[in-house]
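In each ligand, atom 1 is the first atom listed, and ligand 1 is the first ligand listed.
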Amino acid sequence: MTVERTRVAIVGAGPAGLLLSHLLAEAGIDSVVLDTRSRTDIESTIRAGILEQGTVELLDQIPGTRARTVGHRHDGIELRFAGEGHRIDFPGLVGRSVWLYPQHEVLTDLIAARLAAGQDLRFGATVTGVLETETELPRVTGVAADGTPFEFIADFVVGADGSRSVVRPTVTGSPSGGHFREYPFAWFGILCEAPPSADELIYSNSPEGFALISQRSETVQRMYFQCDPDTDVAAMSEAQLWDTLQARVPGTTLAEGPIFQRDVLRFRSFVAHELRRGRTALVGDAAHTVPPTGAKGMNLAIADVVLLARALEDWLGRGRTELIDAYADTALQRIWKAQHFSWWMTSMLHAAPGASEFDRQRQLGELRSVVESDAGRRYLAEAYTGWPLQTSPTAALG
Ligand SMILES: Cc1cc2nc3c(=O)[nH]c(=O)nc-3n(C[C@H](O)[C@H](O)[C@H](O)COP(=O)(O)OP(=O)(O)OC[C@H]3O[C@@H](n4cnc5c(N)ncnc54)[C@H](O)[C@@H]3O)c2cc1C
C-alpha cells in the first residue's frame, strides 16, 4: 500500500476532472487526478460534440487547446418538422454561437496541457472508496495500474467520476440517491464515411420519430435516430439504417457512406440529492445526467467545475467558506435550468410510444409556437449556446 498526500484528490479524468485540475493549478492548489481508464481509451471514446460559447472561451485560456482553431463554429441549428426546416439563428437572436468539437479531442488537448504543466495524472488508477469525508483529512483508496493498493490523504475530494460514480454514495448516502426521469426511447448513433449532409445540425421531428443529423469533419459524419432502448445494435443492415434515417428527415437528402460505428445510447435525467458533504463534492455526470438532445452534458460538467474551483480557491487558499457553502445551491440553479431545457427539447422532438393524434398535433403546435415566435426562438438560442459561466467569486455569490 502506498500512502500519499495531496491537497485535492480528483476522481475522474473526464472533462470535469481535467479542467478542475487546471483551474486549481492556476490558483496555486496542487491536485492529483485518478482515472481507471488508460490514456488511449479516454482519448478515443466518442461522446459529446457541441461546446457552448462559454466553454470555448474557457478552453481558449489553456495553452494548446484547439476547440476554436480546429473546431467548427455553428451559428445555428435547423428544427425540421412537417416537412419543413426552420433555422434558429444564434448570433442574430442572442449574439452567441456554439462550436462542434468532439469531446475526445477536448480530452486529448486537456491531457496534453495538464501533463505539460506537470500535473500528477494517474491512468489505470481505480478508486474504490472515499473515507472520513467529514473529517479535516478525507482519504481516497484504490488500486493503481500495476495492482498496488493506494491511499491519498487530501484536504478535499472531488467526484468527477461520471454517471456510475463511486464517490456519489459518500455524498448522497446511496449509489442512486437522486431525482430520476426515465425515457421510453434511446438514440441509435452511427458514424459514417460521407461528406456533410448539411452545414448545421438538423433536429428533426417526424411521425416515425426523432433524428439528429450532426457532423464530425469533411469526411466523417455522426447521425442519430430515436429507437427502442432494447434495440439490438447489430440487427439492422446498413441499407435499413439509411432508410430509417432518410425517412426521419423528410425534405432533406442525406449523403450516405459506409457506416463504421454504431451504438445505442440510453438516456435519462438525474440530479443527485446532495452535491457536497463535508470535504467531498460531486461535479459533472457524477452529480447529474441529462438526455443528449440539448447538448448540455459536457457543458454542464464544465459549469460545475468553474463554480467549485472558485469555491475551493477561496476556501483552501483564503480560508473563506461562503462559496463552498453556497456551491450546491448555486450549481443546482443552472443544473435544473439545463435539466428543463434537455427535457423540453427531448419531449418536443421525440415521438412518445403510444402517442395519440392529439399528442402529435399538440407537439406540432408547440414546435410552431417556438419557430414562429421571436421569444420562442430566442429562448432556444439562449439555452443552447449556454447561459453565462460564473467565472469570478463575486459572480458565483450573486
Ligand atoms: C456514450 C455517450 C454519449 C454521449 N453523447 C453526448 C452528446 O452527444 N452530447 C452531450 O452533451 N453529452 C453527451 N454525453 C454526455 C457527456 O459525454 C458527459 O456529460 C460528460 O462526459 C461528463 O463529463 P464528466 O467529466 O462529468 O464525466 P465523464 O466524462 O464520464 O468522466 C468520468 C471519468 O471518471 C472515470 N472513472 C469512473 N469511475 C472511476 C473510478 N472508480 N476510479 C477512477 N476513475 C473513474 C472514468 O473512466 C471517466 O474517464 C454522452 C455520454 C455518453 C456515455
Side-chain angles (χ1 to χ4, degrees), residues 9-21 32-52 55 98 100-104 106-107 110-111 121-130 140-145 150 152 157-170 175 186-189 191 201 203 212 214-216 222-224 233 261-270 272 281-305 308 331 335 338-339 341-342 345-346 384 386:
I10 301 171
V11 186
L18 289 166
L19 182 72
L20 180 62
S21 73
V32 63
V33 182
L34 307 162
D35 202 292
T36 187
R37 294 191 293 157
S38 68
R39 180 176 181 177
T40 310
D41 193 11
I42 293 172
E43 291 182 347
S44 58
T45 304
I46 306 286
R47 285 195 174 179
I50 295 288
L51 305 184
E52 294 174 359
T55 300
V98 295
L100 187 76
Y101 187 59
Q103 178 168 333
H104 65 279
V106 174
L107 293 173
L110 286 176
I111 289 171
L121 172 51
R122 315 247 179 130
F123 300 106
T126 306
V127 170
T128 50
V130 182
V140 170
T141 58
V143 182
F150 65 76
F152 272 96
V157 176
V158 179
D161 51 342
S163 58
R164 297 201 180 93
S165 171
V166 295
V167 181
R168 192 189 301 135
T170 310
W187 280 6
F188 196 114
L191 276 168
L201 273 66
Y203 288 77
L212 171 59
S214 181
Q215 298 91 22
R216 273 287 183 261
R222 182 79 163 139
M223 303 181 193
Y224 305 88
V233 76
Q261 187 175 312
R262 41 171 91 189
D263 43 37
V264 171
L265 173 60
R266 287 166 168 260
F267 50 86
R268 64 177 185 171
S269 303
F270 167 75
L282 302 175
V283 289
D285 277 17
H288 44 71
T289 50
V290 288
T293 325
K296 282 279 155 276
M298 177 170 47
N299 296 293
L300 197 53
I302 280 167
D304 293 347
V305 161
L308 186 64
I335 290 166
Q339 284 291 357
F341 178 67
S342 305
M345 288 283 281
T346 302
Y384 197 94

Is the closest side-chain heavy-atom distance between [X] and [Y] below 4.5 Å?
{"X": "Tyr101", "Y": "Thr55", "value": "no"}
{"X": "Ser163", "Y": "Phe270", "value": "no"}
{"X": "Ile302", "Y": "Glu52", "value": "no"}
{"X": "Arg47", "Y": "Leu107", "value": "no"}
{"X": "Phe267", "Y": "Thr289", "value": "no"}
{"X": "Phe152", "Y": "Val157", "value": "no"}
{"X": "Leu18", "Y": "Leu121", "value": "yes"}
{"X": "Arg122", "Y": "Leu34", "value": "yes"}

Identity of the nearest option to [atom], non-hydrogen atoms only, from [options]:
{"atom": "atom 49 (O) of ligand 1", "options": "Ile10, Asp35, Thr289, Thr126", "value": "Asp35"}
{"atom": "atom 27 (O) of ligand 1", "options": "Ala338, Gly162, Gly294", "value": "Gly162"}
{"atom": "atom 5 (N) of ligand 1", "options": "Glu52, His104, Arg47", "value": "Arg47"}
{"atom": "atom 17 (O) of ligand 1", "options": "Arg222, Met298, Gln103", "value": "Gln103"}
{"atom": "atom 23 (O) of ligand 1", "options": "Pro15, Gly284, Gly49, Gly124", "value": "Pro15"}

ask   = Residues two or more places apart in sequence or in another chain: which of them pass ring pair (Phe, Tyr, Trp, His ring centres under 6.0 Å) with Phe188?
value =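 Phe188 satisfies ring pair (Phe, Tyr, Trp, His ring centres under 6.0 Å) with Phe225 only.
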query = Taking non-hydrogen atoms only, is Ala160 closer than 4.0 angstrom to ligand 1 via side chain, backbone, both or neither?
reply =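 For Ala160, the contact with ligand 1 is made by the backbone alone.
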key: Taking every non-hydrogen atom, the tightest pair across Val140 and Ala9   =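 Minimum heavy-atom separation between Val140 and Ala9: CG2-CB, 3.8 Å.
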Run the numbers for me: atoms of ligand 1, each under 4.0 Å from some heavy atom of [X], listed by number.
{"X": "Gly12", "answer": "33 (C), 34 (O), 35 (C)"}
{"X": "Ala295", "answer": "11 (O)"}
{"X": "Leu265", "answer": "1 (C), 2 (C), 3 (C)"}
{"X": "Lys296", "answer": "11 (O)"}
{"X": "Leu34", "answer": "43 (C), 44 (N)"}
{"X": "Ala16", "answer": "25 (O), 26 (O)"}
{"X": "Val166", "answer": "41 (N)"}

inquiry  = Below 4.0 Å from ligand 1: does a non-hydrogen atom of Ala125 turn up there or not?
reply    =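 Per 4.0 Å heavy-atom rule, Ala125 contacts ligand 1.
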Hey, does [X] come in under 3.5 Å of ligand 1, counting only N/O atoms on both sides?
{"X": "Gly17", "answer": "no"}
{"X": "Ala286", "answer": "no"}
{"X": "Arg37", "answer": "yes"}

Nearest-neighbour protein heavy atom for [atom], which is reported as residue plus atom name and distance:
{"atom": "atom 31 (O) of ligand 1", "result": "Gly14 CA, 3.5 Å"}
{"atom": "atom 37 (C) of ligand 1", "result": "Asp161 O, 3.2 Å"}
{"atom": "atom 19 (O) of ligand 1", "result": "Asp285 OD1, 2.7 Å"}
{"atom": "atom 42 (N) of ligand 1", "result": "Val127 N, 2.9 Å"}
{"atom": "atom 11 (O) of ligand 1", "result": "Gly297 N, 3.0 Å"}
{"atom": "atom 12 (N) of ligand 1", "result": "Ala48 CB, 3.4 Å"}
{"atom": "atom 45 (C) of ligand 1", "result": "Thr36 CG2, 3.6 Å"}

inquiry  = If we count only N and O atoms by modelled type, under 3.5 Å, do the side chains of Ser165 and Asp161 hold a donor and an acceptor together?
reply    =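 Yes, Asp161 and Ser165 have a side-chain donor paired with an acceptor closer than 3.5 Å.
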message = Check the orientation of Tyr384 and Phe341. Use parallel for under 30°, tilted for 30 to 60°, and perpendicular for over 60°.
response =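 Perpendicular: the ring planes of Tyr384 and Phe341 meet at over 60°.
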ask   = Do any N or O atoms from the side chain of Asn299 and from the backbone of Ile50 form a donor-acceptor pair under 3.5 angstrom?
value =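 Confirmed, Asn299 side chain pairs with Ile50 backbone.
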message = Tell me whether Asp263 is salt-bridged to Arg222, with the criterion being a basic N under 4.0 Å from an acidic carboxylate O.
response =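 Counted as a salt bridge, because a side-chain N and a carboxylate O are separated by less than 4.0 Å.
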